[in-house]
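Below is one structure, written out as structure tokens, with a few remarks after it.
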Amino acid sequence: MSQPALPRVLSIAGTDPTGGAGIHADLKSFESAGAYGMAVVTALVAQNTQGVRAIHTPPVEFLREQLASVKDDVTIDAVKIGMLGSVAITETVSDFISSLPASVPVVCDPVMVASSGDRLLEPEAERAVRELARRATVVTPNLPELAVLAGVAEPRTFDDALSVATTWAHETDTWVVVKGGHLDGAEADNATVSPSGEIARVPCPRIDTKNTHGTGCSLSSALAARLGAGASLNEALVWATEWLHEAIEHADALHVGHGHGPVDHGHRLRRLAAEAHS
């Protein structure tokens, strides 16, 4: 069978009705990264740029039907996993991942700790997500989530985070993307860490803006799309980092919401289209 023109990439995550995070950000990121996006909803989240108001979780049986409806009809070239929320949901998604060919890359963005530091899951659900993360191709935690995965104190520097990720990657045979966006300073670098301890750092200057809602969702989704297209993880992270930097750079011009607004997922596509017609 010939390779499709666009990789078919599935997001398994929650919603964001204001469009900046969750499956809404995932689908925009897939499109921007050259993939055909699909989405299965784990939770309906009433949120906006100022915070979360309520969460409605459909029955797990309906989640299984959503997953089966995609798998029974469409070849899946890559998967991005976001918000899960409970043991039952996590185990259902884990079973689904196990049913896919081993060649399908799985990017797990373990939604466990908010940027504020608040834990988002009960201990049993945290354990389930940690087990799922071990089965992924690559995990993309923020620094508090990296600490929870590894069972250590939160790293305070990028080098400390690389050290924690190196140990965890070796123990689990899973790649890690370390993200520097939550740290202070002029740089917001990212890096891949392999199970064998190899580190590839991607430099990225920090942008002074409050509008970074959904950046974790967006980076992991762009990563999944590029992996689905056949890129190596290092190549995928370079692409995703540069694309997200441009999206953040132009976030303020969107004027969406009164809190921490979304990034401009489509800026690169519009820029390239304009250049092609100029």
Side-chain angles (χ1 to χ4, degrees), residues 10-17 21-26 39-47 51-68 70 79-100 106-155 161 164-165 167-169 171-179 182 213-221 224:
L10 172 65
S11 166
I12 305 172
T15 65
D16 177 0
I23 62 171
H24 298 76
D26 295 346
V40 163
V41 178
T42 58
L44 301 169
V45 184
Q47 65 172 311
V52 174
R53 297 188 178 190
I55 299 174
H56 171 69
T57 304
V60 173
E61 292 75 14
F62 185 68
L63 173 61
R64 292 194 185 98
E65 288 297 331
Q66 290 184 82
L67 293 166
V70 176
V79 177
K80 177 270 170 94
I81 302 171
M83 177 183 180
L84 296 173
S86 72
V87 173
I89 291 173
T90 304
E91 291 178 344
T92 299
V93 172
S94 182
D95 290 342
F96 174 76
I97 294 303
S98 297
S99 73
L100 299 176
V106 176
V107 178
C108 178
D109 188 30
V111 181
M112 305 169 78
V113 186
S115 298
S116 62
D118 296 327
R119 302 285 273 262
L120 302 176
L121 301 177
E122 296 295 326
E124 290 184 0
E126 281 189 357
R127 285 192 289 271
V129 172
R130 281 199 297 267
E131 288 304 310
L132 174 61
R134 290 169 175 262
R135 304 172 69 176
T137 307
V138 56
V139 296
T140 61
N142 60 30
L143 297 189
E145 289 161 348
L146 176 60
V148 173
L149 288 177
V152 300
E154 181 181 340
V164 172
T167 300
W168 189 85
E171 292 175 350
T172 61
D173 196 31
T174 303
W175 287 74
V176 182
V177 167
V178 175
K179 302 180 292 187
H182 285 88
H213 180 53
T215 50
C217 305
S218 303
L219 181 74
S220 58
S221 297

Does the pair R127 and V87 meet the rule for a side-chain contact (heavy atoms from CB on, under 4.5 Å), with working shown?
-> CA-CA 8 Å; R127 285 192 289 271; V87 173; over 6 Å; no
Close side-chain approach of I81 and I97, heavy atoms under 4.5 Å = yes
Side chain of S99, backbone of F96: donor and acceptor closer than 3.5 Å?
-> yes
Between E65, R64, Q66, which is the residue that forms a side chain to side chain contact (heavy atoms under 4.5 Å, CB included) with V40?
-> Q66
Where S86 and T90 come nearest, the two heavy atoms and their spacing = O-OG1, 2.7 Å
Looking only at non-hydrogen atoms, find the nearest pair between E126 and M112 and report the distance.
-> O-CE, 3.8 Å
Is Q47 close to H213 at the side-chain level, that is, under 4.5 Å between some pair of heavy atoms?
-> yes
Please name the pair of heavy atoms, one in V177 and one in P141, separated by the smallest distance, quoted to 0.1 Å.
-> O-CD, 3.7 Å
Would you indicate whether the side-chain heavy atoms of E145 and V139 approach each other to under 4.5 Å?
-> no
Note, V41 side chain near F62 side chain (heavy atom, < 4.5 Å) = no
When rounded to the nearest 0.5 angstrom, what distance separates OG1 in T140 from NZ in K80?
-> 7.0 Å
Can you name the closest pair of heavy atoms from A136 and T174 and give their distance?
-> O-CG2, 3.3 Å
Can any side-chain N or O of H56 pair as donor or acceptor with the backbone N or O of L44 at less than 3.5 Å?
-> no
For M83, does its backbone N or O pair with a side-chain atom of T42 as donor and acceptor, under 3.5 Å?
-> yes
Rounding to 0.5 Å, atoms CD1 (I12) and CD1 (I89) come to a distance of 11.5 Å
E61 side, atom CD; T92 side, atom OG1 - distance, nearest 0.5 Å | 8.0 Å
Hey, could you give me the OG/CG distance between S94 and L84, rounded to the nearest 0.5 Å?
-> 10.0 Å
Roughly how far, to the nearest 0.5 Å, is the CZ atom of R134 from the CD atom of E171?
-> 7.0 Å
For I23 and T15 the tightest heavy-atom approach is CD1-CG2, 4.0 Å
Of all heavy-atom pairs between L149 and A133, which one has the smallest distance, and what is that distance?
-> CD2-CB, 4.0 Å
One should read off an interatomic distance between L67 CG and L10 CG, to the nearest 0.5 angstrom, of 7.0 Å
